Amino acid sequence: MFPFTPMKRLSFHTAGESHGRGLTALLEGIPAGLALDLERDVDPELKRRQGGYGRGRRMQIESDRADLLSGVRLGETLGSPISMVIWNRDWENWTVAMSHAPPDEDVNPKALRPHYLPRPGHADLVGAFKYDRRDVRDILERASARETAARVACGAVAKRLLAEFDIRIGSHVVSIGSVEAPEVGLPDDLNAVADANPVRCLDDDSATRIMAEIDAAKERGDTLGGVFEVVATGLPVGLGSYVSWDTKLDGRLAGAVMSIQAVKGVEIGLGFTGAVRPGSNVHDPLVRAEEKPRTGGIGRSSNRAGGLEGGVTTGEPLSVRGAMKPISTLMKPLPSVDLRDGSVGNAATERSDVCAVPAAAVVGEAMVALVLADALLEKFGGDSVGETRRNFDAYIAYLHDRGFGER
Ligand code: EPS
């Protein structure tokens, strides 16, 4: 058996704890010759991830920006690994609790900020068993969604590559708590519209109701989840493959989006809704579309497939939805068991967000961008962006010239 390898040409790694010194992002496989300026291309994405109504006080402490360590010279990528660091400003408040050195003998145990009552729904308990820890801080520091800042840094570079080929990625919030926004046509510049709204929702009335629901949840000491949609436009037909299970792009996208902290469901196109409809109301009729060379001049009169058929891009907009459960740190905590003595108590509480769905949507964009950039390089190869472009352009020209006829 082969391991499941969603990424074929690109690879990325992140390291870092939520209240440690910082997060490291390492991205390998980006071709040489890509113009890259972190202040222009990466930092604004980090800022987008920090926003959203419902975030806690931590986001007022942090002001994320990426420090470049390697992989770029004179404004262009070198083809070598790109490494970036995002320093945690909050670290200065955690130097004792998150010290790399063993604690002093006379340290006040409280200064180490231990937690012994795992939060239901969090990685706390399973992590404590798996890694043989008692203090669940050893688990939660890495399980924290702070790690997604490093994913967004890598995703921003992937977006920069995709933009060279006019492939754009945006997202918006579909629902939070019980409020579901009505379906509206997607604006051309999806992120410009979504980012202008405090919960990244395209419908202002729904956004108002969502914010009221977030306020009420906060008042109750509760948290809220929701659904976001990531949309990619400009993709050519033919990324991914149907020939083997681990080459199918739908599976690779689903794995990437499902890997985001607190995501419990992923849908592509109609997703679960398609399972209850007859086929005639699910599949998208084919139509001639000479004006759309990236679909091969044959388009679809609807896009219920969400831009993928057989695990291969169709050239229609790609739609991936992620369902995020409510954050598991509740200010009015649920019952838990104390790992020191087995006594029953309430789960640990600490500063957290009430809702992070708007941020998760931005992380979703990053994960989708990384998978799509990988699929682009898988099909077109290229050690330099120029080489990738020549191969890409030749393919688009082939699609344009292909015409009809039996062979
Ligand atoms: C998080 C808890 C909160 C969030 C954090 C994720 O942090 P803190 O415990 O420091 O208040 O703000 O998210 C981030 C720091 C971030 O950058 O997204 C958690 O427990 O997962």
Side-chain angles (χ1 to χ4, degrees), residues 14-25 42-66 84-98 112-115 117-128 135-156 200 214 217-218 221-226 228 259-264 322 324-331 333-334 336 347-367:
T14 73
E17 279 78 40
S18 181
H19 303 100
R21 280 189 73 195
L23 301 161
T24 309
V42 178
D43 293 349
E45 294 293 301
L46 295 176
K47 188 161 192 237
R48 292 179 65 234
R49 192 202 68 93
Q50 288 199 270
Y53 195 81
R55 294 282 253 156
R57 271 173 296 131
R58 175 75 184 275
M59 285 305 102
Q60 286 150 28
I61 298 172
E62 303 298 341
S63 159
D64 292 338
R65 50 174 297 276
M84 297 173 276
V85 176
I86 301 160
W87 300 106
N88 287 329
R89 282 197 177 180
D90 207 12
W91 158 248
E92 64 184 45
N93 305 316
W94 290 80
T95 49
V96 176
M98 292 300 291
L112 302 179
R113 305 205 202 184
H115 270 316
L117 285 125
R119 290 159 294 177
H122 205 277
D124 293 351
L125 179 60
V126 289
D135 174 2
V136 299
R137 179 156 307 285
D138 287 350
I139 310 306
L140 69 89
E141 283 291 333
R142 179 61 184 164
S144 162
R146 172 101 188 116
E147 181 263 348
T148 60
R151 300 196 198 198
V152 167
C154 293
R200 309 199 67 251
I214 291 173
K218 185 175 181 180
D222 216 333
T223 55
L224 292 178
F228 60 84
S259 78
I260 300 168
Q261 289 81 340
V263 169
K264 295 295 258 185
M324 184 187 195
K325 68 180 178 179
I327 285 168
S328 45
T329 307
L330 306 184
M331 290 306 150
L334 293 171
S336 181
T349 57
E350 63 172 24
R351 179 188 65 190
S352 189
D353 307 324
V354 177
C355 175
V357 180
V362 177
V363 180
E365 286 177 38
M367 293 308 291

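Computed from a prediction, not measured in an experiment: that's the story for all the values here. Start at 1 with the first residue, then count along the sequence. Both counts, for ligands and for their atoms, begin at 1 and track the order of listing.
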Give the residue, atom name and distance (to 0.1 Å) of the protein heavy atom nearest [atom].
| atom | value |
| --- | --- |
| atom 11 (O) of ligand 1 | Arg351 NE, 2.6 Å |
| atom 19 (C) of ligand 1 | Ser144 OG, 3.5 Å |
| atom 13 (O) of ligand 1 | Arg55 NH1, 3.8 Å |
| atom 15 (C) of ligand 1 | Arg146 CD, 3.2 Å |
| atom 14 (C) of ligand 1 | Met59 CE, 3.5 Å |

Have [X] and [Y] got a donor and an acceptor in their side chains that come within less than 3.5 Å?
| X | Y | answer |
| --- | --- | --- |
| Ser18 | Arg58 | yes |
| Gln50 | Glu62 | no |
| Arg49 | Thr148 | yes |

**OP:** Applying side chain to side chain donor-acceptor pair (under 3.5 Å), name anything that partners Ser259, two or more places apart in sequence or on another chain.
**Re:**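 Ser259 satisfies side chain to side chain donor-acceptor pair (under 3.5 Å) with Arg151 once adjacent residues are dropped.
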Subject >> Option with minimal heavy-atom separation from atom 2 (C) of ligand 1, where the choices are Ser352, Ala360, Ala123, Ala150 >> reply: Ser352
Original post:
Do Arg21's NZ or CZ and the ring of Trp87 fall within the cation-pi criteria of under 6.0 Å and 45°?
Top reply: no
Original post:
Is there a heavy atom in Gln50 that sits closer than 4.0 Å to ligand 1?
Top reply: no
Subject >> Any Arg49 heavy atom less than 4.0 Å from ligand 1 >> reply: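 Per 4.0 Å heavy-atom rule, Arg49 contacts ligand 1.
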With heavy atoms of [X] as the reference, note each atom of ligand 1 found under 4.0 Å away.
| X | value |
| --- | --- |
| Asp353 | 4 (C), 12 (O) |
| Ala145 | 18 (O), 21 (O) |
| His19 | 8 (P), 9 (O), 10 (O) |

